[in-house]
> 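Could you have a look at this structure, given as structure tokens, before my questions?
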Protein chains: 2
Amino acid sequence: MRASDRAYAALRDDIIEWRLLPGTVLAEVEQSERLGISRTPLREALSRLTAEGLTTTAGGRGVVVTDISLDDIDELFELRETLEGKAAALAAERGDRATFDQLRRELIEAPELIGGEDPALHEYYELVGRLDAAIDAAISNAYLVQAMRSLRVHLVRVRRLAADDAARLTAAAAEHAAIAEAIAAGNPRLAEAATTLHLHRSLSHVKATHTPH
Amino acid sequence: MRASDRAYAALRDDIIEWRLLPGTVLAEVEQSERLGISRTPLREALSRLTAEGLTTTAGGRGVVVTDISLDDIDELFELRETLEGKAAALAAERGDRATFDQLRRELIEAPELIGGEDPALHEYYELVGRLDAAIDAAISNAYLVQAMRSLRVHLVRVRRLAADDAARLTAAAAEHAAIAEAIAAGNPRLAEAATTLHLHRSLSHVKATHTPH
DNA sequence: CACAAGGCTTATGTATACAAGAACGACTGA
DNA sequence: TCAGTCGTTCTTGTATACATAAGCCTTGTG
């Protein structure tokens, strides 16, 4: 693996997990020494982070970790609703029904993964990830997929701000199941509506439990 | 201006204007010598191009200029309709009516710029650009604006494939005027509908006059 | 004659040295 | 005492030398 890739992944994780807080300046020599690489691959990593919007170049004073305000979260979800709503509708038109019906069945049983004695949250998140991947594959639109992918980085970062309790996860699983069901039924408008509903509830939860830094 | 910025702008223009055709391999030493800079800033330029999707790294054989197929154009416009439709709707909700009413008036008179003896096409394109900028400013959503901006690069490239005759430009000006009018009227659904109509006609024109390489 | 293996060539990936510019601080003048 | 300017210093931007890996050609063998 290339050194620049490792640096990119490390810095990206540090930012997403809020170990590097907004406003932190990422000086090149400092970070390159911390990661044990030279400045050249580090600069490439910083370029990629800046292109994604996780950092910004603060002209002359290095790159700094970007902040995410409450307004940003609103804007983020506004775009997310647009993109994922369209994605769900397209998946309902073009997707394989059996695939999404299978996902629907698994999502209905997801509360067992969440509420049990030894909650297998990892399996739950993996299941939701499989739904996202199935939608991505179904819409067969590389540009739309790319746009959603660049959004997800920021969304993961926002999600880390909220407290994902069992109650919310259980409700979210039901909402995801509704989306899968609408796609499996081949109903684009229903799929879009289910997605809109899910995202609004998700946004409400984030804003309600959001813990400022 | 930084050398990497100049290299990025030069390569981007070469690709958009189809001077660098799809499949062309951009070897680092070759391009750095052509542009009169060293490999370091050139690599940064190539990184940015690849992040935008104008080039792809062909594992071990350098970066190559990406192709745009007819399917790509369909996908591009599918996403464009989603984003710009939403943008027009938001602008109708949040924009300043006087601004868009002024743009509407100018767009109605745009045919004079197109059909005259000495067509001032530059002014026409500048006017359309002002409409885009006004929409961007009105929606006040940095993430949506960013998503549209990354799309526009590819769209300019596609536009260069089509023959922009005076008839099409005149029709397009009327469609743009309709969008501006709907936004000025504060009617989101009408603005979205006008945008959808314009994009469908634009896509039809591109596909009809498209000249393969 | 065909196929495979090995080295040679040429590409990218990385490190480091140098240049240029901007920010901060100290000093001087009013 | 405050403001402005000059100089120092630390930052990023660039060039180049080196390491490494992948591809292709050549050569040898079956």
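Note on naming: letters A, B, ... go to the chains in the order of the sequence lines (proteins, then strands), and numbering restarts at 1 for each one.
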> DNA chain C: A/Ser38 or B/Val29, which has the more 5' nearest nucleotide?
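Looking at the nearest nucleotide for each, B/Val29 comes out on the 5' side.
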
> Are OP1 or OP2 of D/dT16 and a side-chain N or O of B/Thr40 less than 4.0 angstrom apart?
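No.
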
> Distance check needed: D/dC10 P versus A/Leu26 CG, whole Å only.
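From A/Leu26 CG to D/dC10 P: 20 Å.
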
> Atom CD of A/Glu44 to atom C1' of C/dT14: distance rounded to whole Å?
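Spelled out: CD on A/Glu44 to C1' on C/dT14 is 11 Å.
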
> Is the distance between the ring centroids of A/Tyr143 and B/His154 less than 6.0 Å?
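Between B/His154 and A/Tyr143, which both carry aromatic rings, the centre distance is below 6.0 Å.
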
> Let me know, please, whether A/Arg61 or B/Arg43 comes out on the 5' side of the other along DNA chain C by nearest nucleotide.
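Upstream on the strand: B/Arg43.
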
> For A/Arg152, I'd like to know if atom CZ has over 12 heavy atoms of other residues, nucleotides or ligands within 6.0 Å.
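Atom CZ in A/Arg152 is packed in, count exceeds 12.
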
> Between C/dC18 atom P and B/Ile37 atom CD1, what is the distance in whole Å?
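Taking atom P of C/dC18 as the reference, CD1 of B/Ile37 is at 22 Å.
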
> Once you round it to whole Å, what is the distance between P of C/dT16 and CD of A/Glu28?
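Value for this atom pair: 15 Å.
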
> Which of these nucleotides, C/dT14, D/dT14, C/dA23, is closest to any side-chain atom of B/Arg2?
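From the listed options, D/dT14 comes nearest.
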
> Within the modelled atom types, does a donor on one side and an acceptor on the other bring the side chain of A/Arg39 and the base of D/dG13 under 3.5 Å apart?
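Flag set: donor-acceptor pair detected.
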
> Whole angstroms only, please: what is the CD-C1' distance between B/Glu30 and C/dT12?
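The distance from CD of B/Glu30 to C1' of C/dT12 comes to 14 Å, rounded to the nearest Å.
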
> Can you check the B/Leu46 CG to C/dT12 C1' distance for me, whole Å?
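Those two atoms, CG and C1', are 11 Å apart.
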
> Applying side-chain contact (heavy atoms from CB on, under 4.5 Å), run through A/Asp5 and A/Arg48 and close with a yes or a no.
CA-CA 10 Å; A/Asp5 289 337; A/Arg48 289 166 68 179; 2.9 Å; yes

> Could you state the atom-to-atom distance from CE of B/Met1 to P of C/dG21 in whole Å?
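After rounding, the reported distance stands at 15 Å.
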
> Return the value, rounded to whole Å, for the distance between atom CG of B/Asp5 and atom C1' of D/dT14.
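Between C1' of D/dT14 and CG of B/Asp5: 13 Å.
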
> Is A/Lys86 paired with A/Glu192 through a side-chain N to carboxylate O contact shorter than 4.0 Å?
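Salt bridge between A/Glu192 and A/Lys86, a charged N being under 4.0 Å from a carboxylate O: no.
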
